[in-house]
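Remarks on the structure that follows.
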Amino acid sequence: QTNTTDAEGTITFANLPLEPTGETTYTLHESNAPADYGAAADQVVVLSNTVGGRNATASFSDELKTGTISLTKVDSATGDPLEGAEFTLYDSTGTNKVVGEDGNAITATSDSSGKITFTNIPYGDYVLKETKAASNYEVCADIAFSLRDGNEAVADNALDLGKVSDDLKTGTISLTK
């Protein structure tokens, strides 16, 4: 049988055939989880044709998916990779730092190829802020993005934000003659 949860998340499968003697085994399988959630593992339920054995209850719990976010930090004029740029992950409002399981803000720093990768990020809407630019560079504008099933740029639980550029710091000299 196929059924869909109601508003409270409950499903009832009624009038299931039972073996005349002994036990009947059923496997509960979640075929479609809500958006941004992974399907729960199958559960085996055993019903017996005895008083008290004809009913069973099972609980499923869907887990919010996690994914990877990456970008490449580059010089805006040359396209060369920039090492040492630090980004911090914020909530969708851009005001609250997202903290990891260790209780610290989630940050990443670009390597020699300019690559920055955040792993095990729960699906949701976020803002990335460059909290420290590479040496002699200006920080870039904040980057808002969605790590969600509905975002076509998300593939295999990964979102590549592409190349993000910084401008070289410049100065001015005034000469009076």
Side-chain angles (χ1 to χ4, degrees), residues 2 4-5 7-9 11 27-44 58-172:
T2 300
T4 303
T5 55
E8 286 79 40
I11 295 176
T27 300
L28 299 176
H29 173 78
E30 183 176 26
S31 56
N32 291 318
D36 300 334
Y37 286 83
D42 289 356
Q43 288 190 35
V44 174
S59 294
F60 278 84
S61 180
D62 292 332
E63 302 231 358
L64 187 61
K65 291 180 183 178
T66 59
T68 301
I69 304 154
S70 61
L71 62 89
T72 303
K73 196 67 188 162
V74 298
D75 178 288
S76 62
T78 66
D80 292 340
L82 297 177
E83 182 176 8
E86 180 186 88
F87 281 81
T88 302
L89 188 64
Y90 284 77
D91 66 7
S92 62
T93 68
T95 56
N96 300 305
K97 292 179 182 177
V98 177
V99 296
E101 292 179 7
D102 62 0
N104 294 318
I106 297 176
T107 62
T109 303
S110 60
D111 62 17
S112 61
S113 65
K115 192 74 167 177
I116 295 174
T117 303
F118 294 87
T119 58
N120 296 317
I121 303 302
Y123 270 39
D125 299 321
Y126 297 99
V127 173
L128 266 180
K129 293 186 179 191
E130 187 172 14
T131 47
K132 178 184 167 197
S135 181
N136 292 324
Y137 284 85
E138 302 287 347
V139 297
C140 69
D142 295 350
I143 304 165
F145 65 92
S146 291
L147 180 63
R148 294 194 173 277
D149 285 336
N151 182 349
E152 293 179 6
V154 175
D156 297 324
N157 298 328
L159 174 61
D160 185 354
L161 298 172
K163 292 182 179 180
V164 176
S165 62
D166 276 352
D167 294 328
L168 191 59
K169 288 182 181 177
T170 59
T172 303

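Note that the structure is a prediction, hence the values are computed from the model and not measured. Residue numbers count from 1 along this sequence.
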Answer yes if the side chains of T131 and E86 hold a donor-acceptor pair under 3.5 Å, and no otherwise.
-> yes
Are the side chains of D142 and K129 in touch, meaning some heavy atoms are under 4.5 Å apart?
-> yes
OG/S76 to CG/L168 distance, rounded to the nearest 0.5 angstrom?
-> 8.0 Å
Does a side-chain heavy-atom distance below 4.5 Å link L128 with L89?
-> yes
Would one find more than 12 heavy atoms of other residues, nucleotides or ligands at under 6.0 Å from atom CD of Q43?
-> yes
OG-NZ distance between S135 and K169, expressed to the nearest 0.5 angstrom = 7.5 Å
Take atom NZ of K115 as the centre, draw a 6.0 Å sphere, and report whether it contains more than 12 heavy atoms from other residues, nucleotides or ligands.
-> yes
Could you tell me which non-hydrogen atom of C140 sits nearest to which non-hydrogen atom of S165, and how far apart they are?
-> CB-O, 3.6 Å
Gap between atom OG1 of T72 and atom CG of D160 - 0.5 Å precision = 6.0 Å
Answer yes or no: is there a side-chain heavy-atom contact under 4.5 Å between Y137 and K73?
-> no
Check whether any side-chain heavy atom of N120 lies under 4.5 Å from a side-chain heavy atom of E101, and answer yes or no.
-> no
Roughly how far, to the nearest 0.5 Å, is the CG atom of L28 from the CZ atom of F60?
-> 4.5 Å
With side chains defined as the heavy atoms from C-beta onward, is the minimum distance between R148 and V154 less than 4.5 Å?
-> no
Is there a side-chain contact between D166 and E138, using heavy atoms and a 4.5 Å cut-off?
-> no
How far apart are the closest heavy atoms of L64 and P122, and which atoms are they?
-> CD2-CB, 3.8 Å
Taking atom CG of D80 as the centre, does the number of heavy atoms from other residues, nucleotides or ligands within less than 6.0 Å exceed 12?
-> yes
Minimum heavy-atom distance between A108 and I116, given as atom pair plus value | CB-CG2, 3.5 Å
Measuring from D75:CG to L82:CG, what's the distance to the nearest 0.5 Å?
-> 5.5 Å
Please name the residue in the list N157, D36, N151 that meets the side chain to side chain donor-acceptor pair (under 3.5 Å) test with Y123.
-> N157
Do the side chains of T27 and V44 get nearer than 4.5 Å, heavy atoms only?
-> yes
Minimum heavy-atom distance A33-D62, with the two atoms named = CB-OD2, 4.2 Å
Can you name the one residue among V98, D91, I143 that meets side chain to side chain contact (heavy atoms under 4.5 Å, CB included) with Y126?
-> V98
Around D102, counting heavy atoms of other residues, nucleotides and ligands shown, do more than 12 lie under 6.0 Å from its CG?
-> yes
Are Y37 and D149 linked by a side-chain donor-acceptor pair shorter than 3.5 Å?
-> no
Heavy-atom pair with the smallest gap, counting every atom of T88 and A105 | CG2-CB, 4.3 Å
Measure the CD-CD1 distance between E30 and I11 for me, rounded to the nearest 0.5 Å.
-> 8.0 Å
Nearest heavy-atom neighbours spanning S146 and D125 | OG-OD1, 2.5 Å
